[in-house]
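Encoded as structure tokens, the structure appears first; notes follow it.
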Amino acid sequence: MEFTHQKEFTRLLLAWHRKENRREMPWKGIRDPYRIWLAEIILQQTRVEQGREYYERFVEAYPTLADLAAAREEEVFRLWQGLGYYNRCRNLLHTARELMKSHGGRFPRNYKELLSLKGIGPYTAAAIASFAFDLPHAVVDGNVLRVLSRYFALNMPIDTQAGKKYYTRLANELIPPEEPAIFNQAIMDLGATICKPQAPLCRQCPLASLCKAFQLGKQEQFPVKLTRRTVRERYFHYLVCWFGDHTIIQKREGKDIWRGLYEFPMIEKERLAGTELLQEDTAWKNLMPDGSWQLKGIVERQQQLTHQLISARFFYVETDREPRVLSPQILVHCKQLHQYAFPGIIVKYLRSGQQPLLL
DNA sequence: AAGACGGGGTG
DNA sequence: CACCCAGTCTT
């Protein structure tokens, strides 16, 4: 690959990093592979500011890999609650245990083996390899794709297999083998603070004079993308059943959203439904087989996910008779609710005070 | 190659 | 509201 001002890219980037980059983060500059890995998993598709607190809490709760590996899954999920992409959490714990069991409690010191671990893809493997072990692997995240596509005004779409390969190869040509960690850190910081997705600060950019997109006045035209996405609408009906100060919850299983989190017994319909319709549902009948239940209120909420719009109705019902709880449902005291991780829409419902028992 | 997977910030 | 974030896994 040959592009104009290729050498200058790295030189200007590193000069900026040393003189002007003031971005501070708790994990910046550390060499402990465990903490680097932890930070990188937390930061996958997550803004630094959003992930920062979670990182602090995880390091506090689990200072070492062994501590994390020994933790209970419920507890780890509770700590992860609210961060999203919960498979990251499942894989985090899985890999921690895998490393303790089969790798002597240490991270492998090469890219390929890192890549084979669950939850570690090309980005994270390169991040650990470079930051912890000074290996010359370029990270390629959203920042890097944006910075490179703009600086060289590249029309190769970033959201294809070919594009990914193309930008990875380019980044690996630009990275100086003697200081890969510095380069990786610098290019991501530049992308996050100056070469931002919208309204980039080209006036402050140390690379602007050589940036092809800037010269063309087309900064916002890059990076090029191919795919568009559609939003699916879904309608959830939660049965919030109270027996005194106990209620029924269950863990979400299967391949759907929020796997591993807890929720109230739920009925999904094609559209928002009322009690007349829901009473016909098996889930409702199993839970409330007789007339001992009293409907106290209905609350409606929405949650916008990236690819789905969830509309939810919470049916708040009470009973005097001890309910029949069949596995996997469990009966929990209201004061135990905080031990479980719930989707945001349920957390907000519980905190809203529109039903009497709070988290 | 295309979808699925969260929650929150930004313009 | 659309877009995007220190991406990865499944189908």
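Lettering follows sequence order; numbering is per chain, from 1. As the structure is a computational prediction, the values presented were derived from the model and not from experiment.
In this structure, Ile42(A) reaches neither bases nor backbone, as no heavy-atom distance under 4.0 Å exists between it and the strands shown. Base engagement by Gln185(A) is indicated by at least one non-hydrogen atom pair under 4.0 Å involving a base atom. Residue Arg52(A) is out of contact with every strand shown, counting any heavy-atom pair closer than 4.0 Å.
When distances are taken from the side chain of Gln161(A) to each of dG6(B), dA1(B), dA6(C), the shortest belongs to dA1(B). Side-chain proximity of Lys348(A) to dG6(B), dG8(B), dA6(C): nearest is dG8(B).
In this entry the distance linking CD1 of Ile310(A) with P of dC5(B) reads 9 Å, nearest Å. Atom CG in Asn143(A) sits roughly 7 Å away from atom P in dG7(C) (whole-Å rounding). The nearest whole Å value for the distance from the CZ atom in Arg47(A) to the C1' atom in dC3(C) is 9 Å. Taking atom CG of residue Leu190(A) and atom P of nucleotide dA6(C), one finds them 12 Å apart after rounding to whole Å. Going from atom OH of Tyr55(A) over to atom P of dC5(C) covers 22 Å, rounded to whole Å. In this entry the distance linking CD of Glu49(A) with P of dG7(B) reads 20 Å, nearest Å.
Not a single donor-acceptor pair, N or O on each side, falls under 3.5 Å between the base of dC5(B) and the side chain of Arg88(A). Judged by distance alone with a 3.5 Å cut-off, a donor-acceptor contact links the side chain of Tyr85(A) to the base of dG6(B). Interface remark: the Thr46(A) side chain does not form any donor-acceptor pair with the dG7(B) base, using a distance-only criterion of under 3.5 Å. Judged by atom type and distance alone, Gln50(A) reaches the base of dG7(B) through a side-chain donor-acceptor pair under 3.5 Å.
In the hydrophobic cluster analysis, where Ile, Leu, Val, Met, Phe, Trp and Tyr join through side-chain heavy atoms closer than 4.5 angstrom, Phe131(A) is grouped together with Leu13(A).
When all heavy atoms are compared, the tightest approach of Leu190(A) to Pro206(A) is CD1-CD, 4.1 Å.
Remark on DNA chain B: of its neighbouring residues Lys196(A) and Ala162(A), the 5'-side contact belongs to Ala162(A), judged by nearest-heavy-atom nucleotide. Take the nearest nucleotide of DNA chain B for Gln198(A) and for Arg259(A): the residue whose nucleotide is more 5' is Arg259(A).
Ring planes of Trp242(A) and Tyr316(A): perpendicular class, angle over 60° (limits at 30 and 60°).
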